[in-house]
Visitor: 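Have a look at the structure that comes next, please.
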Amino acid sequence: MTTFGPVPEPARLTIDVGGGMRGRTGGYDKRLGDMTGVYRDGEAHAGAVTERGADHLVYRVEEHRAGDGPGALIIGTSTLAPGRYGDEFAMTRGHLHAKADRAELYHCLSGRGVMLLETLDGRSEAVELGPGDAAHVPGYWVHRSVNTGDEPFVTLFCYPADAGQDYALIADAGGMAQLVVDDGAGGWTTRPNPDHTGYRKDAA
Ligand code: ZN
């Protein structure tokens with residue numbers, strides 16, 4: 001039998017394709033200086049910091065939370081600025097959910113990009129997203145957004161409020177196993193990251 005805790009309030013959220021969310025309860029920004037160590041080409045990233053400043057905005061999350069119990073959802077937008085660091089496209093830090101079985105939906109509102117997905121035992125998928133496309137990220141998949149276009153890559157996301165994020169997993173592994181890079185012909189491709197040492201198997 002279901003036991004009832006405090007009943008959260010419903011909400012009407014107005015979300016524009018540029019990532020703005022009316023009705024949000026919070027969010028955060030990531031700046032160029034926060035991304036040190038994320039890109040394989042550290043010199044290219046350092047050059048960008050020198051050129052644009054450590055405070056240059058690269059990534060914004062706006063989100064709505066109505067509770068943090070096991071049945072609650074976090075609904076939000078992710079807006080990732082375009083860019084290149086060496087041949088790698090601009091991306092988020094990426095994570096595995098701290099409760100690793102928790103899934104997530106990403107629905108592209110504008111721009112173009114890739115959801116890069118990896119399992120701890122070495123499987124990789126790159127799901128290409130344009131406006132109207134959605135990616136279902138099942139539990140147990142490490143995931144990050146990559147902007148492969150010239151405009152902001154904006155997605156609407158939704159995931160369980162108790163999922164949490166393990167960000168250290170990727171850093172501890174020398175980065176994700178695959179890099180999303182310029183293919184030299186105006187598109188993107190993936191290639192193995194030679195610095196990747198494998199994920200901690202105890203993460204999940
Ligand atoms: Zn996630």
Side-chain angles (χ1 to χ4, degrees), residues 13 15 19 21 24-31 34-35 37-39 57-81 88-130 133-148 152-180 190 193 196 198-204:
L13 307 171
I15 296 158
M21 172 184 260
R24 69 175 185 253
T25 58
Y28 61 87
D29 289 339
K30 287 286 165 207
R31 301 183 181 277
D34 299 325
M35 302 302 281
V38 172
Y39 293 101
L57 181 67
V58 291
Y59 178 54
R60 168 166 286 172
V61 166
E62 302 194 19
E63 63 182 27
H64 175 85
R65 297 181 187 229
D68 56 9
L73 295 175
I74 298 173
I75 299 164
T77 61
S78 157
T79 302
L80 176 60
E88 263 187 290
F89 287 105
M91 60 195 184
T92 61
R93 283 179 301 166
H95 58 262
L96 179 70
H97 291 153
K99 286 192 197 308
D101 65 346
R102 300 311 197 241
E104 186 160 7
L105 166 75
Y106 285 89
H107 176 231
C108 178
L109 300 175
S110 61
R112 298 210 74 82
V114 168
M115 189 61 56
L116 182 62
L117 298 152
E118 295 178 356
T119 59
L120 300 185
D121 61 359
R123 292 169 63 198
S124 246
E125 296 280 343
V127 179
E128 188 165 32
L129 296 174
D133 296 328
H136 179 189
V137 178
Y140 304 106
W141 287 81
V142 179
H143 49 286
R144 91 168 5 138
S145 304
V146 186
N147 187 338
T148 56
F153 175 48
V154 185
T155 52
L156 171 71
F157 61 77
C158 184
Y159 67 101
D162 67 347
Q165 285 95 2
D166 180 347
Y167 292 109
L169 176 76
I170 294 175
D172 292 348
M176 288 181 74
Q178 297 291 317
L179 305 172
V180 179
T190 56
N193 173 11
H196 179 73
Y199 292 117
R200 295 191 316 262
K201 294 296 193 296
D202 63 351

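Owing to the predicted nature of the structure, the values given are computational and were not obtained by experimental measurement. Atoms within a ligand are numbered from 1 in the order they appear, just like the ligands themselves.
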Visitor: State which residue, out of Thr79, Leu129, Val180, Thr92, fulfils the side-chain contact (heavy atoms from CB on, under 4.5 Å) condition with Ser145.
Guide: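 Result for side-chain contact (heavy atoms from CB on, under 4.5 Å) with Ser145: Thr92.
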
Visitor: Take Met35 and Tyr59, measure what side-chain contact (heavy atoms from CB on, under 4.5 Å) needs, and give me the verdict at the end.
Guide: CA-CA 10 Å; Met35 302 302 281; Tyr59 178 54; over 6 Å; no

Visitor: Taking the Zn ion (ligand 1) as the center, what protein N, O or S atoms are found at less than 2.8 Å?
Guide: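 Under 2.8 Å from the Zn ion (ligand 1) - ignoring waters, which are not counted - the protein N, O or S atoms are His95 NE2, His97 NE2, Glu104 OE1, His143 NE2.
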
Visitor: Taking Asp166 for its side chain and Leu96 for its backbone only, find out whether a donor-acceptor pair lies under 3.5 Å.
Guide: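 No, the answer is negative, given that no donor and acceptor are paired below the 3.5 Å cut-off.
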
Visitor: Under 3.5 Å, is there a donor-acceptor pair between the side chain of Arg60 and the main chain of Asp29?
Guide: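 Checked: no pair found.
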
Visitor: Taking the side chain from Asn147 and the backbone from Leu80, do they hold a donor-acceptor pair closer than 3.5 Å?
Guide: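 At least one qualifying donor-acceptor pair exists.
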
Visitor: Could you tell me which residues satisfy side-chain contact (heavy atoms from CB on, under 4.5 Å) with Ala81, sequence neighbours excluded, listed by chain and number?
Guide: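 Per chain and number, Ala81 pairs via side-chain contact (heavy atoms from CB on, under 4.5 Å) with no residue.
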
